[in-house]
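Have a look at the structure below, then the notes.
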Number of protein chains: 2
Amino acid sequence: MQKSREDRQAAAPEYHVDRQVGFFLRQANQRHVAIFANAIGDKLTTTQWSALSKLKEIQPCSQNQLGRETAMDVATIKGVVDRLVKRGFVATAPDRNDGRRVVLSLTEDGLAVIAVNVGAAVSATEETLAPLTSGERMMFLELLQKIC
Amino acid sequence: MQKSREDRQAAAPEYHVDRQVGFFLRQANQRHVAIFANAIGDKLTTTQWSALSKLKEIQPCSQNQLGRETAMDVATIKGVVDRLVKRGFVATAPDRNDGRRVVLSLTEDGLAVIAVNVGAAVSATEETLAPLTSGERMMFLELLQKIC
DNA sequence: TGATACTCATTCGCATACAAACGAAAAAAT
DNA sequence: ATTTTTTCGTTTGTATGCGAATGAGTATCA
């Protein structure tokens, strides 16, 4: 049997994009974002939800700090916060000690929108992991964390 | 010991964004994108690389078909293809049989840039999975595919 | 044949995402 | 006390990513 031209010399394994981690990571993320958008009623994105939820834990805090806690770039977190402020979920105030800082906190509407949507967020997580068994989920989350 | 106000009634487990799949998926994807950008010399993004690699496999094909094969929206694949055309990696031609279609194919530069960078792409995959053992990688990829 | 449905490509609006550069302010080092 | 470095917020530019709408071409079926 004739060997293919590829195999004759170096026997280099063929490269297939659709078998690489990056390809799957992008798709898995896309799927989750879609599921989340569908589950949530208030038109909140996954990043906005991350910012809101984290802010609830650590408020009051500066904009950049919130960005670091949610793994967002300074330019990214600014856009996210701007939109949340515009919608009245987040309030800003100048810091007395530091002239550069903008202190962020949740408004009542912000707290309310979190309370209303936690259930949907949990459901979104659930639906994303639905193809996996309970044991697989534990394993998957563990491995996923390792490559973050 | 006093029970917290939360636990007293419903015993609802606390919600932490930074323990949800979505949070990790976004971060893992970000990390891989950064690794890839760093490994590749020709300023190709992960999506551009996907489009190029897939096009090499299935060319000639229409723009929408390439989008489907690479899991990209019609609007997204258009932008990606536009940039690849502008850089001379992809050529377009009208389809004789179908007046709507635009037939895509790789140029010589396109083939060359793939050949030059396959090694870097493989390295990027390798580096992304570096925190995992060989066995863990197999397991991880299997589970990751299931939630795509 | 003619109406209907589908497909393809394009465009608009919105929301990440990051690099890079900037001025202002604070902290650390000398 | 002055210099250096770091941090904070902002803006610009480039590149995804999706929903929705549009127009043009094709296919289907009554």
Side-chain angles (χ1 to χ4, degrees), chain A residues 22-23 25-38 40 42-52 60-87 90 92-104, chain B residues 22-23 25-38 40 42-52 60-87 90 92-104:
Chain A
F23 197 83
L25 281 175
R26 194 180 107 250
Q27 272 190 96
N29 192 44
Q30 278 176 15
R31 173 165 167 271
H32 171 72
V33 168
I35 288 173
F36 187 89
N38 211 271
I40 231 80
D42 285 296
K43 292 214 176 189
L44 288 170
T45 65
T46 53
T47 40
Q48 288 171 3
W49 177 255
S50 292
L52 282 177
C61 76
S62 79
Q63 182 176 285
N64 278 8
Q65 190 193 343
L66 184 58
R68 283 192 298 272
E69 299 274 354
T70 52
M72 293 184 211
D73 192 81
V74 285
T76 302
I77 191 65
K78 168 162 174 49
V80 174
V81 167
D82 281 354
R83 283 169 218 114
L84 292 175
V85 168
K86 188 192 281 186
R87 291 180 61 180
V90 171
T92 61
D95 188 321
R96 286 184 220 296
N97 305 36
D98 193 331
R100 303 164 302 178
R101 274 196 169 89
V102 175
V103 179
L104 303 180
Chain B
F23 197 82
L25 282 175
R26 192 179 109 251
Q27 265 183 266
N29 191 45
Q30 279 175 13
R31 174 165 167 271
H32 171 72
V33 169
I35 288 172
F36 186 90
N38 211 272
I40 231 79
D42 286 295
K43 291 214 177 191
L44 288 171
T45 65
T46 52
T47 41
Q48 289 170 2
W49 177 256
S50 292
L52 282 176
C61 74
S62 78
Q63 183 174 284
N64 277 10
Q65 190 193 343
L66 184 59
R68 283 190 298 270
E69 299 273 353
T70 53
M72 293 184 211
D73 193 82
V74 285
T76 303
I77 191 65
K78 167 159 174 53
V80 175
V81 167
D82 280 354
R83 284 169 215 113
L84 292 175
V85 168
K86 189 191 280 184
R87 291 180 63 180
V90 170
T92 62
D95 188 321
R96 288 184 220 295
N97 304 37
D98 194 329
R100 303 162 301 178
R101 274 195 169 89
V102 176
V103 179
L104 302 180

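Within every chain, numbering begins at 1; the chains are lettered A, B, ... in the order of the sequence lines, protein sequences first and strands thereafter.
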Could you walk me through whether A/L52 and A/V90 pass side-chain contact (heavy atoms from CB on, under 4.5 Å), step by step?
CA-CA 8 Å; A/L52 282 177; A/V90 171; 4.0 Å; yes

May I ask you to decide if [Y]'s main-chain N or O and [X]'s side chain share a donor-acceptor pair within less than 3.5 Å?
X     : Y      : answer
B/D98 : B/R100 : yes
A/T76 : A/M72  : no
B/D95 : B/N97  : yes

Distance in angstrom units between [X] [atom1] and [N] [atom2], rounded:
X     : N      : atom1 : atom2 : result
A/R31 : D/dG17 : CZ    : P     : 17 Å
A/F36 : D/dC18 : CZ    : C1'   : 16 Å
A/K43 : D/dA20 : NZ    : C1'   : 11 Å
B/E69 : C/dC8  : CD    : P     : 12 Å

Closest approach of A/R26 to B/A71 (non-hydrogen atoms, all atoms of both residues):
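What the structure gives for the nearest pair is NH2-O, 3.1 Å.
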
Please determine whether a side-chain nitrogen or oxygen atom of [X] lies at a distance below 4.0 Å from atom OP1 or OP2 of [N].
X     : N     : value
A/R68 : D/dC8 : yes
A/Q65 : D/dT7 : no
B/K78 : C/dA9 : no
A/N64 : D/dT7 : no

Can you tell me how far CD of B/Q27 sits from CG of A/L25, rounded to the nearest 0.5 angstrom?
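Nearest 0.5 Å value for the CG-CD distance: 12.0 Å.
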
Straight-line distance of A/I77 CD1 to A/E69 CD, nearest 0.5 Å
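The CD1 atom of A/I77 sits 10.5 Å away from the CD atom of A/E69.
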
Going by the rule salt bridge (Lys or Arg N to Asp or Glu O under 4.0 Å), which residues pair with B/D82 if we only count those two or more places apart in sequence or in a different chain?
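In terms of salt bridge (Lys or Arg N to Asp or Glu O under 4.0 Å), with neighbours along the sequence ignored, B/D82 is linked to B/K78.
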
N/O contacts under 3.5 Å, protein versus nucleotides 16-20 of chain C?
unit_1, atom_1, unit_2, atom_2, d
C/dT16, OP1, A/T45, OG1, 2.6
C/dT16, OP1, A/T47, OG1, 2.1
C/dT16, OP2, A/Q48, NE2, 3.0
C/dT16, OP2, A/R83, NH1, 2.7
C/dT16, O5', A/R83, NH1, 3.3
C/dA17, OP2, B/R26, NE, 2.9
C/dC18, OP1, B/Q30, OE1, 3.2
C/dC18, OP2, A/D73, N, 3.4

Is there a side-chain contact between B/K43 and B/Q48, using heavy atoms and a 4.5 Å cut-off?
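Heavy-atom side-chain distance check fails, nothing below 4.5 Å.
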
DNA chain C contacts made by residues 95-104 of chain B, counting heavy atoms under 4.0 Å:
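Residues of residues 95-104 of chain B under 4.0 Å from DNA chain C: B/R100, B/R101, B/V102.
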
